[in-house]
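Have a look at the structure below before the remarks.
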Number of protein chains: 2
Amino acid sequence: MDSPLMEIKMMRRTTVILADDHAIVREGLKLLISAMANVSVVAEAADGDRLLNLVRSVTADILILDLGMPGVAAQFISDLHSLAPRMKIVVLTANTEPRMVRAAIEAGASAYLTKDGDPEELADAFAAIRNGDTYLGQTVRFAKSGHVPVTDILSPVPLTPRELQTLQMVAQGMTGRETAQRLGISPLTARKHRENLMRKLNLHSTAELTAYAVRLGMPVG
Amino acid sequence: MDSPLMEIKMMRRTTVILADDHAIVREGLKLLISAMANVSVVAEAADGDRLLNLVRSVTADILILDLGMPGVAAQFISDLHSLAPRMKIVVLTANTEPRMVRAAIEAGASAYLTKDGDPEELADAFAAIRNGDTYLGQTVRFAKSGHVPVTDILSPVPLTPRELQTLQMVAQGMTGRETAQRLGISPLTARKHRENLMRKLNLHSTAELTAYAVRLGMPVG
DNA sequence: TTCCGAGTACGACAGCTGTCGTATTCATTC
DNA sequence: GAATGAATACGACAGCTGTCGTACTCGGAA
């Protein structure tokens, strides 16, 4: 525990990249993090593209990422991960939707915090990551009751790629016909994708489907 | 300009109440505001109910309010205003929808800032308020081009109370029949409200209507 | 190789939606 | 008192949606 090696590791400053589209939130987070011992914010980004460029040129120990900022979905985490395998990713977002949490963790995130959680969770998450653990914020952790391994926490019905695409179109206010046109398939097939979606998600109207898609953080037309 | 009276006014510390459902954002804002000269954060609230209670017992010069937090819509501003007429309200939110801005200003807000704006806008807004002006953040100001009086900036088609209620139900994924039931009116009347909504907003499907309602910041079922 | 899931595509049918009417009541404004 | 706008309510009709089928192809897993 107190080996010289550990001490050296503890001594080195932890470097952090901040990615959030809200400048005010970034500014606040910067102050919050600067108050932590041995942690420095080394860079910031306000959208997905600039973040990718940033990660190519700057190395950091931890990325604090707001899922839901322009150009950033859960799958974006995999891209970042393959670009900078040693960088740990802390998701910090307003989205508490179980499917989103699952997608983020599966894509390689090391922590999932929500913005309505206790600010101290940030330090807790950092500590967990230092131990190689995965950390979930309280809001998310207790969505499903009790203390269970991260991987067991939530298992929403998996959606196929086509179903996800269809869901996105619905979120953008597109009709079945428009969806079919965009995907280059028969309206009847688009219809079937939507039907499967509704069965899997137990939703039964366009309005419900749209509302769900928006909760997932999908871009709204 | 430099009268003794003015100096005394400038000397007095400006007191601020923070209302935002995201604890991390609150914490960050607190640090941000503490860095300003002669400004103190005196209280915080995370939802509408607690904010109302707070305003009844604590007086402050300025309230920084996140439109969109639980139990807080634009109309909430009027309530706060009649409860504490001398308190100025700065809206600080992620919502850039023109209708929302208009509603907030009409309800008595003294400033409307968006979270993706420059953090310095906060200081600018405070300065404007000190002069008795109304301040709009850059993102909002340039939604409609150029420099025009605040009242002229945006004039969306006005919606009637019933239409707003109907829109809310749609956002929550309710069908026409459910809406009618909830409002205690004939399904055909609910239908008509929806029809008028769509005409006014130039939207032509449930999905579009739902997406629009969500952008307005209406609670999603 | 056989099986399964994903994707494709179509049909049928009840019910809902979007769009067009009309009409009455009531409060407010001119 | 006439006019206006909001809210109420109904009818008709085409088209879309939600739900149930069936059926073919294809690639990967058992």
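Everything numeric here is computed off the predicted structure, so don't read it as measured data. Numbered from 1 within each chain, the chains take letters A, B, ... in sequence-line order.
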Review point. Toward the 5' end of DNA chain C, which comes first, Thr206(B) or Leu188(A), by nearest nucleotide?
Key: Leu188(A)

Practice item. Say whether, by atom type as modelled, one donor and one acceptor occur between the side chain of Glu163(B) and the main chain of Thr160(B) under 3.5 angstrom. Key: yes

Exercise for review: Assign each of Arg162(B) and Thr175(A) to its nearest nucleotide of DNA chain D by heavy atoms, then name whichever residue's nucleotide is nearer the 5' end.
Suggested key: Arg162(B)

Review point. NA contact type, Thr160(A), heavy-atom cut-off 4.0 Å: base, sugar-phosphate, or nothing?
Key: sugar-phosphate

Practice item. Determine whether Arg162(A) and Ile185(A) make a side-chain contact, defined as any pair of heavy atoms from C-beta on separated by less than 4.5 Å. Key: yes

Check your understanding: Are more than 12 heavy atoms from other residues, nucleotides or ligands located less than 6.0 Å from atom CZ of Arg56(B)?
Key -> yes

**Study point:** Integer-rounded Å distance: dG7(C) C1' and Leu164(A) CG
**Key:** 15 Å

Check your understanding: Hey, are the side chains of Thr93(A) and Tyr112(A) touching, using non-hydrogen atoms and a 4.5 Å cut-off?
Key -> yes

Review point. Taking 5' to 3' order, which nucleotide of DNA chain D is first and which is last to have an atom within less than 4.0 Å of a heavy atom in chain B?
Key: dA6(D) to dA12(D)

Exercise for review: Could you say whether Pro161(B) or Ser205(A) is positioned toward the 5' end of DNA chain D, judged by the nucleotide with the nearest heavy atom to each?
Suggested key: Pro161(B)

Exercise for review: Have a look at Ile185(A) and say if it touches a base, only the backbone sugar-phosphate, or nothing, with a 4.0 Å heavy-atom cut-off.
Suggested key: sugar-phosphate

Check your understanding: Do Arg215(A) and Asn95(A) come close enough that some side-chain heavy atom pair is under 4.5 Å?
Key -> no

**Study point:** Residues within residues 192-202 of chain B bordering DNA chain D, heavy-atom distance below 4.0 Å
**Key:** Lys192(B), His193(B)

Review point. Got a sec: does the CD of Glu106(A) have more than 12 other heavy atoms crowding it under 6.0 Å?
Key: yes

Review point. Would you say the side chain of Asp124(B) lies within less than 4.5 Å of the side chain of Tyr135(B), judging by non-hydrogen atoms?
Key: yes

Exercise for review: Identify the residue among Lys30(B), Arg26(B), Lys115(B) that makes a salt bridge (charged side-chain N to carboxylate O under 4.0 Å, His left out) with Asp20(B).
Suggested key: Lys115(B)

Review point. With respect to the phosphate group of dA9(C), does any side-chain polar atom (N or O) of Thr189(A) fall under 4.0 Å of OP1 or OP2?
Key: yes

